[in-house]
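Below is one structure; the comments refer to it alone.
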Number of protein chains: 2
Amino acid sequence: MDKKQENKKVFLEIVNQLRQLIKHEGIKPGEKLPSERVLSERLNVGRSSVREALRSLELLGLIETRHGGGTFLSSVSSNQLVELLASFILQENKAIEDVHIVRRMHEKEAIRVICSEQSLRSLPVWESLFMKLELENEIVRDLLLREIMIASGNRLALKIWLQLVAYSATPLKKLSTEEEKPMLQRLVKSLQLGYENEATSAYENWMHYLKNSSS
Amino acid sequence: MDKKQENKKVFLEIVNQLRQLIKHEGIKPGEKLPSERVLSERLNVGRSSVREALRSLELLGLIETRHGGGTFLSSVSSNQLVELLASFILQENKAIEDVHIVRRMHEKEAIRVICSEQSLRSLPVWESLFMKLELENEIVRDLLLREIMIASGNRLALKIWLQLVAYSATPLKKLSTEEEKPMLQRLVKSLQLGYENEATSAYENWMHYLKNSSS
DNA sequence: TAATGGAAAGTGGTCAGACCACTTTTAAGC
DNA sequence: GCTTAAAAGTGGTCTGACCACTTTCCATTA
């Protein structure tokens, strides 16, 4: 049995070779790449294969093509762009930390949105959540966050967030502790009042607490 | 003389048509797309053009191809989030506003991240961009934003952002105007200095200008 | 009848060649 | 030397062909 991992897409291999060529040839941003015909000859592949690779790079914005003029490396700092390419090719998705960061970004933004809109601030759900905190002394953590995401009203952001949550290591039904209570109350209250800074601060406190308590 | 603005990349047009076809046909994630030969016939384009479009979508992770098997809308693959975005962006029509909002959110957050990290603020790319603004008086809009997203260092966010951009209605090569210059300079400068509020404000000004000037 | 095996059809992967449209370069003509 | 038209270069697209792989289908067999 051969290694399945070597099943690299061939057109990705071409993309990779293009990357090396750019590096080796020292082609700077804004400069011209060899023509498609030359590339196909140098890489020993058909012109159409070269084009498939180039179109991919174009959709990513890494190159620009001018009809009749040629193909050019996008201007500005190529080092970053080249490295970016590598991360795409090598499928470096292992950054779990990135998932957390993006998730928190969405949550924070949702809080901002809610604070800045009277109609969202006055949703009955906040009062309900606040009461629940008072009476039951505990609350499902993700329930609050989910309500926040839903209330912010962006379906795409909500979908992304749900996916991110699914990826997060944190169990869905984790209950909040007694210690979290004041933070949560502060968050919900300032949310209702539209105190953006206060709400954001409360949120960050909460996240900081969760981070430390889990380790 | 015709308007130069109509210089739509044809392979991008095919990408769009594919989107419509997927929506109209009701193709769900994980399901099979029509074969390349069928697509080329239905869209009245050559098979090679279809392939160029498909390869672009593949590099973005929106579709999967199996040699001899067919082409499929991404489903349970390496990155489910990519699949989610694929289905959302490819299928939902009226959600363009949501796409914009999420995109702007990612950009704003990236700006915040850069401002708060010395090593990111001092990247040479900012000086380069600033010089370019000074000398050439114009700059490709998305180039600046792309650099910001790359510099922020979150690959997941970058991947999300790239997909959002790929399906935004805004042309990739739109140049900034003379009026935008001060806003862009302010953004880049405050980015370098780490003035988060100033940078965010400049960004929002810029976006506000773009929104009004396009309508 | 159910299982098996292999042929046939379907599909993506790649290549070569041919045009076209547009840009850049070259060279002719003034 | 300058202008301008022809030529060369380059990306854009289509067609047809062949290969490699997968799926489907059906006849043969146990």
Side-chain angles (χ1 to χ4, degrees), chain A residues 1-18 21-22 25 27 30-74 89, chain B residues 1-18 21-22 25 27 30-75 77 171-173:
Chain A
M1 297 292 270
D2 283 346
K3 289 295 179 62
K4 201 175 84 174
Q5 295 188 340
E6 299 295 12
N7 279 0
K8 286 200 160 188
K9 298 283 178 184
V10 183
F11 101 97
L12 279 184
E13 182 56 32
I14 295 180
V15 171
N16 209 355
Q17 286 185 308
L18 278 178
L21 184 143
I22 291 172
E25 215 78 2
I27 300 177
E31 288 182 1
K32 197 169 163 186
L33 269 64
S35 74
E36 296 177 350
R37 290 168 178 84
V38 171
L39 282 176
S40 82
E41 192 174 301
R42 298 233 324 236
L43 302 180
N44 275 313
V45 293
R47 191 183 154 209
S48 52
S49 294
V50 170
R51 281 184 61 79
E52 290 182 10
L54 289 178
R55 287 300 77 72
S56 300
L57 298 187
E58 185 174 7
L59 193 63
L60 285 182
L62 299 182
I63 61 173
E64 298 174 10
T65 47
R66 302 173 201 161
H67 190 179
T71 306
F72 300 80
L73 203 57
S74 284
I89 295 169
Chain B
M1 296 295 271
D2 284 348
K3 287 297 177 63
K4 202 175 84 176
Q5 296 189 340
E6 298 296 12
N7 277 2
K8 285 193 157 187
K9 294 284 175 184
V10 181
F11 98 97
L12 278 182
E13 182 57 32
I14 295 179
V15 170
N16 263 335
Q17 286 185 306
L18 279 177
L21 184 143
I22 289 171
E25 217 76 3
I27 300 176
E31 289 182 359
K32 196 168 162 187
L33 268 63
S35 74
E36 296 177 352
R37 289 170 178 83
V38 171
L39 282 177
S40 81
E41 192 175 302
R42 299 234 322 239
L43 303 181
N44 276 312
V45 293
R47 192 183 153 208
S48 53
S49 294
V50 170
R51 282 184 58 81
E52 290 183 9
L54 289 178
R55 288 301 77 70
S56 300
L57 295 183
E58 185 175 6
L59 190 64
L60 284 181
L62 299 181
I63 61 173
E64 293 175 10
T65 47
R66 301 173 201 161
H67 189 179
T71 306
F72 301 79
L73 257 193
S74 281
S75 62
S77 60
L172 271 173
K173 298 190 182 303

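Protein chains get the first letters and strands the later ones, always in sequence-line order, with residue 1 at the start of each. From a predicted model like this one, the values you see are computed outputs, not experimental measurements.
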| field | Minimum side-chain heavy-atom gap A:Leu57-A:Leu18 below 4.5 Å | value | yes

Where do N or O atoms of nucleotides 5-10 of chain D meet protein N or O atoms at under 3.5 Å, pair by pair?
unit_1	atom_1	unit_2	atom_2	d
D:dG9	N2	A:Gly68	O	2.9

| query | What pairs with A:Ser40 under side-chain contact (heavy atoms from CB on, under 4.5 Å), at least two apart in sequence or on another chain? | reply | A:Arg47, A:Val50

| query | Of the residues in residues 46-53 of chain A, which ones touch DNA chain C at a heavy-atom distance under 4.0 Å? | reply | A:Gly46, A:Arg47, A:Ser48, A:Ser49

| request: Nearest whole angstrom, please: distance from the P of D:dT13 to the CD1 of B:Ile14. | output: 7 Å

| How would you list, by chain and number, every residue that makes a side-chain hydrogen bond (donor to acceptor under 3.5 Å, both in side chains) with B:Arg55, sequence neighbours excluded? | B:Glu58

| query | Shortest non-hydrogen contact from B:Leu73 to B:Ile22? | reply | CD1-CG2, 4.0 Å

| query | Rounded to the nearest Å, what distance is computed from the CZ atom of residue A:Arg55 to the P atom of nucleotide D:dG11? | reply | 9 Å

| If you draw a 6.0 Å radius around CD in A:Glu31, do more than 12 non-hydrogen atoms from other residues or ligands fall strictly inside? | yes

| message | Could you check whether any side-chain heavy atom of B:Leu21 comes within less than 4.5 Å of a side-chain heavy atom of B:Leu39, counting everything from C-beta outward? | response | yes

| query | Looking at residues at least two apart in the chain, or sitting in another chain, which of them share a side-chain contact (heavy atoms from CB on, under 4.5 Å) with B:Glu25? | reply | B:Ile27, B:Arg42

| note | The side-chain contact (heavy atoms from CB on, under 4.5 Å) partners of B:Ser48 (sequence neighbours excluded) come to none

| Counting side-chain heavy atoms from CB outward, which of C:dG13, D:dG11, D:dC14 is closest to A:Thr65? | D:dG11

| remark: Taken to the nearest whole Å, CG/A:Leu39 to P/C:dC15 is 13 Å

